[in-house]
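Reviewing the structure listed below.
Since the model is a prediction, treat every value here as computed from it, not as a measurement.
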Amino acid sequence: MSRPWARSVARRSKVGLTLGVPVRNEEGNIIPFLNALLSAVRRLPNDLMFETLFCLNGSSDDTERLLRAF
């Protein structure tokens with residue numbers, strides 16, 4: 001059986017990892033979370049591509065501003 005995803009991964013030197021994070025009114029928690037996430041990402045293998053997607057769910061505080069500034 002053909003596994004196209006296996007072939008495409010084998011051709012690349014880097015494998016991707018995506019983390020999705022829903023946030024809503026996390027102004028008081030977002031900076032400590034981002035610092036912890038950054039610390040964890042730094043321990044990943046250098047050849048691992050990593051991205052984080054934040055989904056702002058109607059925040060009415062400064063969560064978005066803090067995310068953009070970070």
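Within the 4.5 Å cutoff, the side chain of L48 has heavy atoms near those of the L17 side chain.
Judged by distance alone, with hydrogens and angles left aside, the side-chain atoms of R24 form a donor-acceptor pair with the main-chain N or O of N57 at under 3.5 Å.
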- Passes side-chain hydrogen bond (donor to acceptor under 3.5 Å, both in side chains), T63 versus E27? Steps please. CA-CA 5 Å; T63 301; E27 177 180 352; 5.8 Å; no
- Query: So C55 and V23, side chain to side chain contact (heavy atoms under 4.5 Å, CB included) or not? Walk me through it.
  - Reply: CA-CA 6 Å; C55 179; V23 293; over 6 Å; no
Indicate every side-chain donor-acceptor pair of residues 33-45 with a distance under 3.5 Å to a residue at least two apart or in another chain.
residue	atom	partner	partner atom	Å
N35	ND2	I31	O	3.2
S39	OG	R43	NH2	3.4
R43	NE	S39	O	3.3

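Between the CG atom in D62 and the CD atom in E26 there is a gap of 13.0 Å [rounded to 0.5 Å]. Distance CE/M49 to OG1/T18: 9.0 Å, rounded to 0.5 Å. Distance check, rounded to the nearest 0.5 Å: OG1 of T52 to CG of L19 gives 5.0 Å.
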